Amino acid sequence: MPEELPKTYNSTEVEDKIYKRWEDSGFFNPDNLPGERTEPYSIVLPPPNVTGILHMGSALMLAIEDVLIRYARMNNKKALWIPGTDSAAIATQARVEKDISKKESKNRHDLGREELLKRIDRFVEENKATILSQIRAMGASVDWSRYAYTMDGIRYRAVMAAFIRMYEEGLIYRGNRIVNWDPKGQTTISDDEIVYEERKTKLYTFRYSKDFPVSIATTRPETKVGDTAVAVHPDDARYKKYVGKEYDLEFAGVSIHIKIIADKSVDPEFGTGALGVTPAHSTIDWEIAERHDLSKKQVINEYGRMTVGGENLLDKKVTEAREFVVQWLKENGLLEKEEEIIQNISTAQRTGGIIEPLPKLQWFVNVTKKIHGRNKTLKDIMRDPVASGEIKIIPEHSTKTYFHWIDNLRDWCISRQIWFGHRVPIWYRDQEIKCSIEKPAGEGWEQDPDVLDTWFSSALWTFSTLGWPDQTNDLATYHPTTILETGYDILFFWVARMIMMSGFHLKQVPFKTVYLHGLVRDEKGRKISKSLGNNIDPLKMIGKYGADAVRMSLIIGTTAGTDSKLSEPKIRGYRNFSNKLWNIARFILMSIPDSTEFQKSLLTTEDQKLIDDLAVVSQDITKDMEEFRFYMAGEKIYHYIWHAFADKIIEESKVKLTSEDPAIKASAQRMLLEILVTCLKLLHPFMPFITEEIYSKLQIPDKQLLMVEKWPE
RNA sequence: GCGCGGUUAGCUCAGUUGGUAGAGCAUCCGGCUUACAUCCGGAAGGUCGCAGGUUCAAGCCCUGCACCGCGCACCA
C-alpha cells in the first residue's frame, strides 16, 4: 500500500531533498549518465557576478537553460551544463574599495596593489557561496565538478595564451589614441560600455578674438584652449577665402595657434558651419587632426581638471573652467549666442561617470587586420558564421542588429587602469617590450600595470571552461557548444566576442545556436531597479511558492528576445498548478491500491484512445521544444494536465474505478498511471522538483530517477 | 538620421505554413461533489493601433501613417 500523500504540496520540504538526490546520483556529470550516449549536448552558464545575489534575470536564465539541459538529458544526450562565476572586475573592485574607504578611511593607493587584491579575493571567497546556493535553489542541474571561475588558474592560463597568440599575430597592439576615459572609475572603457543619456545643455556661439574672422559653436567652451584649428566644409562659400590662414591668439589667458582648414566631415548646416578642432578631447577632432597633421594639445587630465591656463583655469574642474571661459567670453564681447539644446552625453555604464575623451597609450584589438594565412579579419570571423547560418540566432531579427554592430565596429580597447583582473602580460625595459607570462630574464623589467577588459576573458568562456589551451577530451567532445542562452543586452559584449575568440583561436564557432532572452520587468513593465524598490526576490518567491512555480512563471509568457513582466500573482498561479498536480498524483495513488498487477491489464478501446490522444499532444510539445518555443510547450503541458487530464479524464475515470467489471477498473487504473507518468516526463524539464518527487512515489518496475528517464516518443 | 521590435479581452501575453479570435489573472453567477477551496461548474468580455492593397479567405502577406520601446550613429 503506497503511503498517503499530504493534502497540499510542500515545496520547501521536497526541494532540498530532491536536489541532494540528484547531486548524489552523479547524473549532472555526463560521464556518469546511464545507457549508451554518443551525442554530446553542451551549454555554458553565463557566469553570474561572483559577489552578486540572484535576481529574476538570472533566475530566468537558469530556468530556460535547465529546461534545455534536462530535455537533452532525457533525450539520451551526453548533456553537460558548465557552471561558473564571473569576477566582474570593475564592479567588484569598486565594491571592495568602497567598503575599505568606509571602514578604514583608506583608498586603494594606501593599501597598495597586492593588499587590495588580497582583500578582493577574500571578499569573493566569502560571497561566492551565496550565488552558488542560489543556483541550486533554482534546481539548476549543472555539473559542479566542472565549475569554473573567470579568475581561477585554468582560466588565467587561457587568457594569457589568448593574449600572447593575438599579440604575436599582430592583432593586439599598443597605440596612442583617443580613448573613452571614465574619470569616476579612473579607467578607460570600450565603446560598448558607453551609455548615452539625453541632457539639456547650452550651445555657445563665439569668436576666439575680435580679429578672428570666423565664429564657432560649442557646448564645451573650456576645451577651446586646446583648439589647434577651425575646420570648414571645402565647398562652403562663406569661408573659402580663409582656408589655409593661420592665427596666433590669446584665448582665456592661453596662447593658441589656429589654422583654418577644409574638411568634408564638417556639416555646413550645423551651428556656424565652422568647427573648432580640439584634437585631444574629441574623437572626431582627433581624426581631423590626423588627416591634417595638426598638433594635439591635451588640456584636461585624467581627473577631469584643466592642465593649462592661469589661476582661474589651471587645475580647475571642467565644469568650473567652463563657467570661467563663458564669463571671459562675455566680458570681452566675444559671445554671440547662447542657446539651449538637447545633447546626448556619454556616460560610463558601470560608474555613471561622464566620459572624457583623452589621448592615451592603450592596448587594442585590431578588428580590420587580415590574419596571416587566413585572408580574414576578426570582423570577418564574427560576421561569416552568422551570415552563413552556421550560427543561428533566435530571435532571428537579432541577426540584423548583430551585423549593424559589426559594421560600425572600431578597434577594441582592452586595457583597464584597475587592479583586479588579468594583468597585461607585457614587460618593459627602456625601449624594449616583451610579451610573456613570466618576467623576462635579466634585470630591470617592469610589467604593464593595466589589466584586461573583463570581457576579454569572458570571450574565451566556451573553451576556457573546457580546459583550453590544453587539448582536453572535454574540448574535443563538447566544443563547439550546442547552444548559448543569454540576455539580448550582452549580444555585443559577449556573444560577438566569443564568436571572435573561438573563431581565431580554435577556427571553430563557439556555439551553433544563440537563444536570447529578454529583460524581466515588474508587473507595470518597468525595469527592475533599486531606486524603484520593485525587485521581486527569486529566493523569497521560491520559499513562498516553490522553485517549480517560479520557473514556470518565468518561462511561460516569455518569447525569445522580448521583455517579460512578472508579478507575484503569476507565480502564485503556478504554485496552484503544483498543488493541482500533487492532488492528481494523490488521487491516482489512492485509486491504485497495489503495485504492478494492473500494469499488464488490457486497455479498453476508450482508455486506449485517451493514451493515443496524449501521444499527439506529446509530439506537439516535442516539436515546440525542438524549435525553442518553451513558453508554448510549457503552456501546453500545463493545459493538458489541468484541463484535460484532471478535469475530464480523471473525473470520468471515477465511474470506471468503481465499476463492477474488474476489466474496466483495471484498464482505468493502467490508463491513469500511464498518463500520469507521461505527464511527469513532459513536465519534468519545467518543474523538476515536484515531478521527481511524485515519480519517486510510484511503483513502477525498473524505475530510475525521472531526470534520466526517456522523453516520451 | 539609419535600423529593430511592439500595438490582440479590464490586466499580462499567446496565436508556429493566411482557413470561424485563445490562455492565465481579474470580474459576475452557482457550488465545501469523499484528489485538490492553492478547488469545481458556468457566464460575460475583442471594429486584432489607423488607412489602403493582395486573396475565395488577412491578427498573420504588401504599402503608407500614428504612437510606445530599444539599438546604433550624430552630438561643433
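Because the structure is predicted, anything quoted here is derived from the model rather than measured.
The side chain of H404(A) approaches rC2(B) more closely than any other nucleotide in the set rC2(B), rA37(B), rC39(B). Distance from the side chain of R586(A) is smallest to rA35(B) among rC2(B), rA35(B), rC40(B). Comparing atom distances between the T8(A) side chain and each of rC74(B), rU16(B), rU38(B) picks out rU38(B) as nearest. Which of rC75(B), rC40(B), rC72(B) sits closest to the side chain of Q343(A) comes down to rC75(B). Side-chain proximity of R575(A) to rC40(B), rU38(B), rA37(B): nearest is rU38(B). Closest to the K400(A) side chain, of the nucleotides rA73(B), rC40(B), rG3(B), is rG3(B). Side-chain proximity of N579(A) to rC72(B), rC74(B), rC36(B): nearest is rC36(B). Residue M632(A) has its side chain nearest to rA14(B) when only rC75(B), rA14(B), rA37(B) are considered. Counting only heavy atoms from C-beta on, Y196(A) has its side chain closest to rC75(B) among rC36(B), rC72(B), rC75(B).
For the pair D192(A) and E627(A), nearest-nucleotide mapping onto RNA chain B gives the more 5' position to E627(A). Comparing S282(A) and H639(A) along RNA chain B, the residue whose closest nucleotide (by nearest heavy atom) sits nearer the 5' end is H639(A).
Under the Watson-Crick or G-U wobble criterion, with both distances below 3.5 Å, rG69(B) is paired with rC4(B). A 3.5 Å limit on both hydrogen-bonding distances identifies no Watson-Crick or G-U partner for rA44(B). Using the Watson-Crick or G-U wobble rule with both distances under 3.5 Å, rU63(B) pairs with rA51(B). Here rC13(B) sits opposite rG22(B) as a Watson-Crick or G-U wobble pair (both hydrogen-bonding atom distances under 3.5 Å). Under the Watson-Crick and G-U wobble criteria, each requiring two contacts below 3.5 Å, nucleotide rA58(B) is left unpaired. Figure legend. rC32(B) is base-paired to no nucleotide; pairs are counted as Watson-Crick or G-U wobble with both atom distances under 3.5 Å.
Only the P atoms considered, rC75(B) is 42 Å distant from rU17(B), to the nearest whole Å. Distance check on atom C1': rG49(B) versus rG5(B) gives 15 Å, rounded to whole Å. Comparing rC67(B) with rC61(B), their C1' atoms sit 23 Å apart, to the nearest whole Å. Taking atom C1' in both rG10(B) and rC28(B), one finds a spacing of 13 Å when rounded to whole Å. Spacing between rG59(B) and rA51(B) at atom P, rounded to whole Å, works out to 14 Å. Nucleotides rA58(B) and rG18(B) have their P atoms positioned 13 Å apart, rounded to a whole Å. Distance noted for atom C1' between rC48(B) and rA23(B): 16 Å (whole Å). A gap of 23 Å separates the P atoms of rG31(B) and rG45(B), to the nearest Å.
A close approach under 4.0 Å does not occur between any side-chain nitrogen or oxygen of S346(A) and OP1 or OP2 of rC75(B). Residue K7(A) places none of its side-chain N or O atoms closer than 4.0 Å to OP1 or OP2 of rA35(B). Side-chain N/O atoms of K570(A) include none lying less than 4.0 angstrom from OP1 or OP2 on rC13(B). Side-chain N/O atoms of W642(A) include one lying less than 4.0 angstrom from OP1 or OP2 on rC40(B). Phosphate proximity of rG15(B) to Y631(A): present, with a side-chain N or O under 4.0 Å from OP1 or OP2.
For the pair E290(A)/R177(A), no side-chain contact is recorded, criterion being any heavy-atom separation below 4.5 Å from C-beta on.
Checked options I189(A), I345(A), V195(A), T347(A); the residue passing with I355(A) is I189(A) (criterion: side-chain contact (heavy atoms from CB on, under 4.5 Å)). Remark: of the listed residues L676(A), I700(A), I690(A), I700(A) is the sole one forming a side-chain contact (heavy atoms from CB on, under 4.5 Å) with Y695(A).
In this structure, Y515(A) has its ring center under 6.0 Å from that of F630(A). Between Y545(A) and Y574(A), a ring centre-to-centre spacing not shorter than 6.0 Å is recorded.
Residue H281(A) is out of contact with every strand shown, counting any heavy-atom pair closer than 4.0 Å. Residue contacts shown for I556(A) are absent, as no nucleic acid heavy atom lies under 4.0 Å away. As judged by a 4.0 angstrom heavy-atom cut-off over every strand, V266(A) is placed among the base-contacting residues. Counting any heavy atom pair closer than 4.0 Å across all strands shown, R410(A) reaches sugar-phosphate atoms only and no base atom. Across all strands, R629(A) comes closer than 4.0 Å to base atoms (heavy-atom distances). Counting any heavy atom pair closer than 4.0 Å across all strands shown, D407(A) reaches no nucleic acid atom. When heavy atoms are screened at a 4.0 angstrom cut-off, I584(A) is found touching base atoms of the nucleic acid. Within 4.0 Å of D624(A), counting heavy atoms only, lies at least one base atom of the nucleic acid. K224(A) comes within 4.0 angstrom of no nucleic acid atom, judged by non-hydrogen atoms across all strands. Heavy atoms of I341(A) sit nowhere under 4.0 angstrom from any nucleic acid atom. H397(A) comes within contact range of the sugar-phosphate backbone alone, with a heavy-atom separation under 4.0 Å but no base atom that close. Contacts of E651(A) with the nucleic acid, taken as non-hydrogen atoms under 4.0 Å apart, include base atoms. Here N408(A) lies in heavy-atom contact (under 4.0 Å) with sugar-phosphate atoms only. At a threshold of 4.0 angstrom between heavy atoms, the contacts of K580(A) include nucleobase atoms, whether or not backbone atoms are also involved.
A donor-acceptor pair shorter than 3.5 Å can be found between the side chains of K224(A) and T278(A). Side-chain contact annotation: W711(A) with T622(A), donor-acceptor N/O pair under 3.5 Å present.
By the 4.0 Å N-to-carboxylate-O rule, E336(A) lies close enough to R207(A) to be salt-bridged with it. With respect to D407(A) and R383(A), a salt bridge is recorded, a charged nitrogen being found less than 4.0 Å from a carboxylate O.
With hydrogens and angles ignored, no donor-acceptor pair under 3.5 angstrom links the side chain of K636(A) to the base of rA14(B).
Atom P of nucleotide rA14(B) and atom NZ of K565(A) are separated by 10 Å, given to the nearest angstrom. Atom CD of Q619(A) is separated from atom P of rU16(B) by 20 Å (rounded to the nearest Å).
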